[in-house]
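Basis for what follows: all heavy atoms, side chains included, without hydrogens, waters or symmetry-related copies.
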Amino acid sequence: MSNLALETTHSPPARGLHRLALLAVGLVWPLIWIGGLVTTYDAGMAVPDWPNTYGYNLFLYPYETWLLGPFDLLIEHGHRLLAAIVGFVAIAIVIAAFRGEPRRWVRWLSIAVLAAVIGQGVLGGLRVVLSDRTLAMLHGCSGPAFFALCVATASVTGRWWWRASPRSVQETSGRGLFFAAGMLIVLSYLQLVLGAQLRHAQPTMSPIGFSHIVKTHIAVAVLLWLCTAAVWARLRKCGDLTLARPALVLIGLVVLQILLGIGTWVVNYGWPTMLQWVPGSQGYLVQSKGFAESMVVTAHVAIGSLILAVSTLVVLRVGRVRSSGHVDFPVAQS
């Protein structure tokens with residue numbers, strides 16, 4: 001029996017692996033939030049050494065110093081501690097995969113998760129040691145990709161994946177739908193890259209170059225929203241809510257992201273000319289590093305990562321349903 005047939009006739013054999021993958025997902029998104037705050041508050045150099053913290057072992061640094069100390073130290077050291085915990089979870093994922101997961105490609109996926117978290121940690125450490133803004137931008141771009149990788153691991157190890165029904169294959173078998181779903185990942189990640197260039201803008205960047213990136217960022221946001229709407233409209237016809245609901249959530253997230261993008265521009269640069277009609281806009285004062293303003297900017301970063309993750313989930317589920325339609329074995333019932 002092939003791996004594909006095995007996946008449609010059994011319950012997941014490694015439930016612990018799935019739980020660990022879910023734990024990783026639940027830890028990485030807050031990690032992205034805290035990392036976003038580190039950049040928003042320019043706290044990336046609050047701890048100038050790495051992998052130690054002011055000469056202390058990461059886990060032995062006096063808690064009262066950072067927990068009750070300056071906010072930039074709190075979020076920078078807290079970011080490191082949470083990242084270390086994610087690393088330990090990634091090690092546990094590999095162990096669980098090799099102990100109970102029969103699919104070789106999933107075991108390799110678990111290794112990729114561990115390699116990615118190690119690479120992400122090294123990249124963040126080099127950003128501190130070398131004090132390099134380009135490395136900070138790369139660190140900000142690779143974090144969401146790692147989050148999507150964790151979501152993919154949780155998806156392929158869950159019960160839904162093993163019991164995916166081919167009843168909606170007729171609506172999902174066309175190449176156009178799978179291509180459109182794949183474009184969700186491309187567009188959402190392109191948005192993250194463009195946003196990272198704006199967020200970590202180099203002093204040498206010209207105003208014209210900055211303006212071009214902003215316009216491209218806005219154009220891609222519109223394309224992403226149209227693409228999500230098209231994918232959802234197609235998936236709604238198949239009658240499978242496990243496919244349609246994530247796409248519907250994605251539409252809402254993109255709308256929220258656009259609103260947060262407008263808010264991010266306002267708190268950083270003031271009200272755009274086209275929004276001067278909004279009551280109170282004339283007297284609005286930009287506050288540097290204000291808490292509410294920082295949360296708007298950080299939420300814009302975090303929701304962008306969530307869009308990439310949900311896009312990954314949609315693509316995986318569409319591909320899974322398409323592939324399950326070619327299996328001649330009975331599908332296990334819930």
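Shown here are the side-chain hydrogen bond (donor to acceptor under 3.5 Å, both in side chains) partners of Q197, two or more places apart in sequence or in another chain: there are none. Remark: A112 engages L149 in a side-chain contact (heavy atoms from CB on, under 4.5 Å) (not counting sequence neighbours). T298 is linked by a side-chain hydrogen bond (donor to acceptor under 3.5 Å, both in side chains) to T40, counting only residues two or more places apart in sequence or in another chain. Listed by chain and number, the residues in a ring pair (Phe, Tyr, Trp, His ring centres under 6.0 Å) with F98 amount to none (sequence neighbours excluded). Judged as a side-chain hydrogen bond (donor to acceptor under 3.5 Å, both in side chains), and not counting sequence neighbours, H200 has no contacts. Under the side-chain contact (heavy atoms from CB on, under 4.5 Å) criterion, P51 pairs with no residue, sequence neighbours left out. Shown here are the ring pair (Phe, Tyr, Trp, His ring centres under 6.0 Å) partners of H300, two or more places apart in sequence or in another chain: there are none. Here T53 pairs with H77 under the side-chain hydrogen bond (donor to acceptor under 3.5 Å, both in side chains) rule; sequence neighbours left out. For the ring pair (Phe, Tyr, Trp, His ring centres under 6.0 Å) test, residues two or more places apart in sequence or in another chain that qualify with F71 are Y41.
To the nearest 0.5 Å, the span separating OG on S110 from CD1 on I93 amounts to 8.0 Å. The CD atom of Q257 lies 11.0 Å from the CD1 atom of I262; values are rounded to the nearest 0.5 Å. A distance of 13.5 Å separates CG of L256 from CD1 of I251, quoted to the nearest 0.5 Å. Rounding to the nearest 0.5 Å gives a distance of 3.5 Å between CG of L109 and OG1 of T153. Going from atom CD1 of I218 over to atom CG of L194 covers 11.0 Å, rounded to the nearest 0.5 Å. The distance from the CG atom of L248 to the CG atom of L243 is 13.0 Å, given to the nearest 0.5 Å.
Contact record, W33 with A302: NE1-CB, 3.3 Å, taken as the closest heavy-atom pair. Closest approach of G121 and W50 over heavy atoms only: O-CZ2, 3.6 Å. For the residue pair V231 and A181, the shortest heavy atom distance occurs at CG2-N, 3.9 Å. Across every non-hydrogen atom of L114 and V117, the tightest pair is O-CG1, 3.1 Å. The nearest pair of heavy atoms linking A96 to L20 is CB-CD1, 3.8 Å. Between C150 and V113, the shortest heavy-atom distance links the atoms SG-CG1, 4.4 Å.
Remark: side-chain polar atoms of N52 are not paired, donor with acceptor, to backbone N or O of Y54 under 3.5 angstrom. At least one donor-acceptor pair closer than 3.5 Å links the side chain of Q191 to the backbone N or O of H217. Without hydrogens or angle criteria, R236 side chain to A244 main chain gives no donor-acceptor distance under 3.5 Å. No side-chain donor-acceptor contact under 3.5 Å links W160 to the backbone of S155. Checked by atom type and distance alone, the side chain of D49 pairs as donor or acceptor with a backbone atom of G55 at under 3.5 Å.
Both W108 and V106 are members of a single hydrophobic cluster when ILVMFWY side chains are connected at heavy-atom separations under 4.5 Å. V301 and V220 are not part of a single hydrophobic cluster, where members link through side-chain heavy atoms under 4.5 Å apart. By the criterion of side-chain heavy atoms lying less than 4.5 angstrom apart, applied directly or through intervening Ile, Leu, Val, Met, Phe, Trp or Tyr residues, F88 is grouped together with V25 in one hydrophobic cluster. Under a hydrophobic-cluster definition in which Ile, Leu, Val, Met, Phe, Trp and Tyr are linked whenever side-chain heavy atoms come within less than 4.5 Å, directly or via other members, F59 and W66 are assigned to the same cluster. Linking ILVMFWY side-chain heavy atoms closer than 4.5 Å, directly or via other members, places M137 and L190 in two distinct hydrophobic clusters.
Within the 4.5 Å cutoff, the side chain of L22 has heavy atoms near those of the H18 side chain. Inter-residue side-chain proximity for L187 and C227 is flagged as met; some heavy-atom pair is nearer than 4.5 Å. In this structure, Y61 and N57 have side chains that are not in contact, with every pair of non-hydrogen atoms separated by 4.5 Å or more.
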_If you apply the rule side chain to side chain contact (heavy atoms under 4.5 Å, CB included), what do you find for Q120 with L123, and how did you get there?_
CA-CA 5 Å; Q120 184 72 349; L123 192 59; 4.3 Å; yes
_Could you go through R15 and R159, starting from their C-alpha distance and side-chain angles, then the distance that decides it, and tell me whether this counts as side chain to side chain contact (heavy atoms under 4.5 Å, CB included)?_
CA-CA 9 Å; R15 295 184 178 180; R159 180 176 299 177; 3.9 Å; yes
*asked:* M183 vs L224, test: side chain to side chain contact (heavy atoms under 4.5 Å, CB included). Steps then yes/no.
replied: CA-CA 8 Å; M183 286 301 298; L224 178 60; over 6 Å; no
*Quick one: do W161 and T157 satisfy side chain to side chain contact (heavy atoms under 4.5 Å, CB included)? Show the steps, please.*
CA-CA 7 Å; W161 186 271; T157 56; over 6 Å; no
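Residue W225 places its CH2 atom among 12 or fewer non-hydrogen atoms of other residues, nucleotides or ligands, all under 6.0 Å distant. Counting non-hydrogen atoms of neighbouring residues, nucleotides and ligands closer than 6.0 angstrom, the CG atom of L68 exceeds 12 such neighbours. The number of heavy-atom neighbours closer than 6.0 Å to CZ of R107, taken from other residues, nucleotides and ligands shown, is above 12.
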Could you go through residues 306-319 and list every donor-acceptor pair under 3.5 Å that involves a side-chain atom there, pairing it with any protein atom two or more places apart or in another chain?
{"unit_1": "S311", "atom_1": "OG", "unit_2": "I307", "atom_2": "O", "d": "2.7"}
{"unit_1": "T312", "atom_1": "OG1", "unit_2": "L308", "atom_2": "O", "d": "2.9"}
{"unit_1": "R317", "atom_1": "NH1", "unit_2": "T242", "atom_2": "O", "d": "2.8"}

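Each of V128, D72, L73, L58 was checked for a side chain to side chain contact (heavy atoms under 4.5 Å, CB included) with V47, and the lone residue meeting it is L73.
Pairs passing the salt bridge (Lys or Arg N to Asp or Glu O under 4.0 Å) check and including a residue from residues 74-84, sequence neighbours excluded, read E76-R80. Sorted by first and then second residue, the salt bridge (Lys or Arg N to Asp or Glu O under 4.0 Å) pairs involving residues 115-142 (not counting sequence neighbours) form an empty list.
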